[in-house]
Protein chains: 4
Amino acid sequence: MQSRTPASRAAGGRPRSAAADAAILAATREALVELGWSKLTLGDVATRAGVAKTTLYRRWAGKNELVVDAVAELFDELRLPDRGSLAADIEGVVLQFAAILARPEAKSGLMAVIAEATRDDALRERIRTSIVDRQKRLVVEGRARAQTRGELPTELDPATGTATVDLIFDVVVGTVVHRTLVSAEPADEAWAQAFTALLLHGLRGSAP
Amino acid sequence: MQSRTPASRAAGGRPRSAAADAAILAATREALVELGWSKLTLGDVATRAGVAKTTLYRRWAGKNELVVDAVAELFDELRLPDRGSLAADIEGVVLQFAAILARPEAKSGLMAVIAEATRDDALRERIRTSIVDRQKRLVVEGRARAQTRGELPTELDPATGTATVDLIFDVVVGTVVHRTLVSAEPADEAWAQAFTALLLHGLRGSAP
Amino acid sequence: MQSRTPASRAAGGRPRSAAADAAILAATREALVELGWSKLTLGDVATRAGVAKTTLYRRWAGKNELVVDAVAELFDELRLPDRGSLAADIEGVVLQFAAILARPEAKSGLMAVIAEATRDDALRERIRTSIVDRQKRLVVEGRARAQTRGELPTELDPATGTATVDLIFDVVVGTVVHRTLVSAEPADEAWAQAFTALLLHGLRGSAP
Amino acid sequence: MQSRTPASRAAGGRPRSAAADAAILAATREALVELGWSKLTLGDVATRAGVAKTTLYRRWAGKNELVVDAVAELFDELRLPDRGSLAADIEGVVLQFAAILARPEAKSGLMAVIAEATRDDALRERIRTSIVDRQKRLVVEGRARAQTRGELPTELDPATGTATVDLIFDVVVGTVVHRTLVSAEPADEAWAQAFTALLLHGLRGSAP
DNA sequence: GCTTAACCGAGACGGTACGTCCCGTCTTGTT
DNA sequence: AACAAGACGGGACGTACCGTCTCGGTTAAGC
């Protein structure tokens, strides 16, 4: 998750301050809230964190990398709730996701790094590793639980399975993001219900 | 679409060059392709357009507004093809849309201005007016055509109708954008078919 | 005194507004008082004069030429007073000259155009014609009156005469300017008396 | 002479480059020779000095302050020659001073900053400190030497003494400047002799 | 408990782009 | 033909950050 080489602690010398990392990431989120991506400066983050600019550059390559790390942590709090039915479970995750996206430190930073990633493969890979793939667990988990409950047929073909996971992920994440950030309409419970209904009927009908 | 007041030709003075507008927007797209959003500078755009920086600032408030206008034009070429069935029509639009998003001048700029819009209401409104609402016509048209064909029930409640249009729009646009820009996987014909199938079953199943 | 060609009124067409000239020069002096040379802009002068920028440029080549003309008029009010003795006459002129130099429209502009003239022969010539030579009359007049009174010997050699006029002029003008603008001390009556005494003794002693 | 506080090396951080100062002042004089005051730009000076524009602005508040410092150094080479008599000594200094004023880097800049100083008290003070007062030593020295030689009476009243020093200084500097820059006539040996004669007779005659 | 190498803060450095101001010129339509 | 209005290409301004580079001064591991 960090850009520093993990095995760089070979030789002696003063070790890096662990507190600095946390302070910097927290300062980054704070600055994202107050200033937004475009007006956030690394000098300002360093000052907020009570750290020299050099310390910051020693650990991250630039603004993009720093913000990816700062934002990634936000999504780790997503949980797949057990509400008894697939529909209710999906609804729960959708609402949680929408709630995170409503926070300014998330929306300010997330779209910006995605934009930057359109021209920077390393950054896109970092985003995928740090954020996207980490949350795909929710789709996999949800499907497994639904299969246990008998709500979905047991999948056999692993290729088709992967494709379906990816599709569902794109649909859910993409739709919620678009609703929240572009349409700028609230993703409230009523909307989550309508969306979930559409998604579930789609899944059941188009499967085989 | 421009920042100048359309009816501002009240008083005397040399009129603004119409050619400059086109040159600037074209230069902006060219620079987006070559440099991407973050390295695009207004000074460079002005030079490419053979125009003074002041001329550019006289017409647009900043980089965001300029890029919104430059990108908006790209989506005007979207057409609802008549392929005989709703499924095929949707597939066609999805592929067209994905093709535009695959062009660097679109993806470089679009996500960046959306990111900026999270902190700038005027910009979000401009995006909605210039880009989003303009393309909602496709959903409305498509539904009308499907109703004519008898593929979809005739909608009665206008409120529900609007909500459905918005939902479909969020699902289609959001999913394609996420697939293309975040997952960075090709939105090819096979994928478009799978996605369309999911969407249509969802629509039919969740309608009543 | 103007830069327009005097014989340019050959052909027909609308004649130039005479009022504009006066308005522009007055506006220039006003702007000199408020803003000083370096912050004075021709656009601002034009606005103050209620005139278009083009009108201004049609008549003067630039800021330097305009300010020379605007400032030159200030010195025309200098008079050689008849106070009964050469010493008193000189004192009177010195005090008048110091009073004009104390006015912001004079000091702001005069030194600036002199500075510019160090690299612009045409401008220096214009200054000499419009300002300097015009006021040498005072020295010539003063000497003639003193000779009539018998306070100075009748000069014979015209070359020496010219040289002396120039020297006196440099001494008087240079000293008053330096006292007023560089030393920034008041050129009051006491000082004028001391200076005049020095000058007169110098003249009487070094004459033959 | 610099704008930085001399005792500002209290805290840590990289110290300012001493070489940069010299390079900037030299580049300023070079640019004054080539371009003159009004066409001199700080960006160009920075480039010539091989220095970033920010480095320049970190040390000087603007063009005026920079040029004062650059020009001030030129006058430090003035020396009071010992030519055996007061008249010859004055002549020597006058000629040296005229020679410096004839150099384009001096005349281009000096009058311009004096012009600016008419509206800027801080700048005037800086000029007085950096240039004017520093050279008054010549008058004081010259008088002392003349008193030793018995060419001038020993002064008693210190107030009158100061006033006389100031008056002589204004006369000498003002006259030479006016001759050189406004009248634009050469201040050659013949002229210097005539002027010195006038000044000395004036001093001897008006003293008591 | 002494070395010693990497860390840290501070801040100056060369550089790039910003958005603004003014320049002097050039269209406009009007007088 | 001169005029008011104002857009135009151009150039410099002074500022803000960038990412790098010295500084002097900690600080902990390993001798």
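No experiment lies behind these values; they were computed from the predicted model shown. Residue numbering restarts at 1 for every chain, and letters A, B, ... go by the order of the sequence lines.
Between C:Lys53 atom NZ and E:dG24 atom C1' the separation is 7 Å, expressed in whole Å. One atom, CZ of B:Arg48, and another, C1' of F:dG9, lie 19 Å apart when rounded to the nearest Å. Counting to the nearest Å, the C1' atom of F:dG9 and the CG atom of B:Leu56 are 13 Å from each other. When rounded to the nearest whole Å, the span between CD of D:Glu65 and P of F:dG14 equals 10 Å. With rounding to whole Å, B:Ile24 atom CD1 is found 13 Å from F:dA7 atom P. Remark: C1' of F:dA29 and CZ of A:Arg16 are 16 Å apart, rounded to the nearest angstrom. For A:Lys63 and F:dC17, the NZ to P distance is 10 Å, given to the nearest whole Å. Taking atom CZ on B:Arg58 and atom P on E:dC21, their separation rounds to 13 Å, with Å as the unit.
Side chain of B:Tyr57, nearest nucleotide from E:dG15, E:dC8, E:dC18: E:dC18. If you check F:dG9, F:dT20, E:dA10 against the side chain of B:Val51, the one that comes closest is F:dG9.
Note on B:Glu73 versus B:Arg29: salt bridge recorded, some NZ/NE/NH1/NH2 to OD/OE distance being below 4.0 Å. Using a 4.0 Å cut-off between charged side-chain N and carboxylate O, C:Asp69 and C:Arg126 make a salt bridge. Salt bridge present: C:Arg48 and C:Glu34 bring a charged side-chain N and a carboxylate O closer than 4.0 Å. Between A:Lys39 and A:Asp44 there is no salt bridge, since no side-chain nitrogen of the basic residue lies less than 4.0 Å from a carboxylate oxygen of the acidic one.
Shortest non-hydrogen contact noted between B:Ala117 and B:Ile127 is CB-CD1, 3.7 Å.
Under a cutoff of 6.0 Å and an axis angle of 45°, C:Lys107 and C:Trp37 do not form a cation-pi pair.
Looking at residues 31-46 of chain D, you'll see D:Thr41, D:Leu42, D:Gly43 sit with a heavy atom under 4.0 Å from some atom of DNA chain F.
A close approach under 4.0 Å does not occur between any side-chain nitrogen or oxygen of A:Arg59 and OP1 or OP2 of E:dC7. The side chain of D:Thr55 places no N or O atom within less than 4.0 Å of a non-bridging phosphate oxygen (OP1 or OP2) of E:dA12.
Looking at heavy-atom distances under 4.0 Å, C:Gly62 makes no contact with the nucleic acid at all.
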Restricting to nitrogen or oxygen on both sides, can you table the protein-nucleotides 21-23 of chain F pairs closer than 3.5 Å?
from, atom 1, to, atom 2, distance (Å)
F:dC21, O2, D:Arg14, NH1, 3.2

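Side-chain atoms of B:Leu42 and B:Trp60, non-hydrogen and from C-beta on, never get closer than 4.5 Å to each other. Residues A:Val113 and A:Ile131 have side chains not in contact (no heavy-atom distance under 4.5 Å, counting atoms from C-beta outward). Residues B:Thr41 and B:Leu35 are not in side-chain contact: their nearest non-hydrogen atoms beyond the backbone lie 4.5 Å or more apart.
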